[in-house]
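Everything below concerns the one structure shown next.
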Amino acid sequence: MPEDHRGRTSPETVTAAASGTWRLGDLTINRLGFGSMRLTGRSAFAAGSTSDRERSIAVLRRAVELGVNHIDTASFYFSALRSANELINSALAPYPDDLVLATKVWPGRDASGEWWWATPEQLRGQVEENLRQLGRDHLDVVNLRVPPSVGTGSIADHFGALAELREAGLIRHLGVSHVRPAQLAEARAIAPVVCVQNPYGLEASAAQEEVLRASGEAGIAFVPYFAIAGAGREQGAVAAEHETVREVARAHGATPAQVRLAWTLGRGPHVLAIPGTGNPDHLTENVAAGALRLTEEETAALNGARSGG
Ligand SMILES: NC(=O)c1ccc[n+]([C@@H]2O[C@H](COP(=O)([O-])OP(=O)(O)OC[C@H]3O[C@@H](n4cnc5c(N)ncnc54)[C@H](OP(=O)(O)O)[C@@H]3O)[C@@H](O)[C@H]2O)c1
């Protein structure tokens, strides 16, 4: 991380390019990206949770200024008065040529916020909803977000329907989200998969670790969500921070959130980051985490902390 004249790290000068790049199909992105779920309010799905619109727009514009060129979104990221897709469109259109917008389908929310799950035939409508809201004629990346109720079951019918929308030119690249290794293999047998978006971070289970490894072996991006929030999931980073994370953070003049992001990026060159925030200071910090390099000893200590050590 660059240092200022007093020898302190200066995150303001760090851009997302410091994290290195990865290719999603033919699209090159910086590994450190942005998740838009937190732009609509502290909890995207809570009734009455509403963000300051100008602040959210400023965060998006600043992210792009800082070199972020991979933004994760969904049409179901909305609170009472804010929609992530609307904010992205208003803040960033006309979009920079190198900006990759990744969205996800299968879950949906009706106008009052109630969840529903699309049939294979209904996926086209969800893709078109994203196209309308984002103001695009095709989507760069669409993840098939598998509902919990599917468990280890087949995703072939839904993924096949999405593959047809790719053939029709509505989608450039396909991904899968919330999957097990067998479901990733099933999807790959139907059409090319460029990314896997699963929950992952310091607290990840062996099963989650297996998906990260399987993605790397296949040369596919692994895109973790909840890398900062961890077990707090939708609630955010609410749990008391692990002392080892605090110690490593202190050693670098960094924050625990930065250490969590740096550790995650250290899991492999195919691992990306899409930290979510509506806070401009957190955005700057998160981008700067792409330049934070942990020593082998620090990584080993953090690995030890995972197993309760
Ligand atoms: N495929 C899926 O099913 C799925 C599920 C969940 C999320 N996602 C995507 O993944 C992205 C990341 O997930 P996420 O946003 O839930 O979790 P996250 O990035 O792990 O953490 C976000 C939480 O941490 C806080 N935070 C962010 N940066 C921070 C920092 N530097 N210091 C302290 N606190 C910080 C945020 O609050 P502030 O706003 O106050 O900073 C928010 O509460 C989402 O935005 C979304 O695009 C996908």
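Counting starts at 1 for both ligands and their atoms, following the listed order.
Nearest non-hydrogen protein atom to atom 2 (C) of ligand 1 is Tyr225 CE2, 3.2 Å. Remark: minimum distance from atom 8 (N) of ligand 1 to any protein heavy atom is reached at Tyr77 OH, 3.3 Å. Here the protein heavy atom with the shortest distance to atom 39 (O) of ligand 1 is Gly278 N, 3.1 Å. Scanning the protein for heavy atoms near atom 16 (O) of ligand 1, the closest one is Arg38 NH2, 2.8 Å. The closest protein non-hydrogen atom to atom 27 (C) of ligand 1 is Gly276 O, 3.2 Å. What sits closest to atom 37 (O) of ligand 1 on the protein, heavy atoms only, is Arg42 NH1, 3.0 Å. The single protein non-hydrogen atom nearest to atom 47 (O) of ligand 1 is Asp72 OD2, 2.6 Å, given as residue, atom name and distance. With respect to atom 31 (N) of ligand 1, the closest heavy atom belonging to the protein is Asn286 OD1, 2.8 Å.
Gln197 counts as a contact of ligand 1, since one of its heavy atoms falls under 4.0 Å from the ligand.
Looking at Arg233, Glu234, Met37, Arg145, it is Arg145 that brings a heavy atom closest to atom 3 (O) of ligand 1. When the options Leu283, Asp281, Ile274, Ile228 are ranked by their closest heavy atom to atom 24 (O) of ligand 1, first place goes to Ile228.
In terms of polar-atom proximity, defined here as any N/O pair under 3.5 Å, Thr255 makes no such contact with ligand 1.
Using a cut-off of 4.0 Å between Lys/Arg side-chain N and Asp/Glu carboxylate O, Glu65 and Arg61 are scored as not salt-bridged. Note on Glu129 versus Arg132: no salt bridge recorded, every NZ/NE/NH1/NH2 to OD/OE distance being 4.0 Å or above. Salt-bridge annotation for Glu203 and Arg233: absent, with no side-chain N of the basic residue lying under 4.0 Å from a carboxylate O of the acidic one.
When each atom of ligand 1 is checked for a heavy atom of Ala257 under 4.0 Å away, the hits are 30 (C), 31 (N), 32 (N).
Nearest approach of Val287 to Leu66, heavy atoms of both residues: CG1-O, 4.0 Å.
In this model, a donor atom of one side chain and an acceptor atom of the other lie less than 3.5 Å apart for Glu121 and Thr119.
When the side-chain contact (heavy atoms from CB on, under 4.5 Å) test is applied to Ala221, the partners found at least two apart in sequence or on another chain are Trp22, Leu24, Cys195, Val223, Leu272.
The list of side-chain hydrogen bond (donor to acceptor under 3.5 Å, both in side chains) pairs with a residue in residues 190-202, not counting sequence neighbours, reads Asp72-Gln197, Tyr200-Glu209, Tyr200-Arg267.
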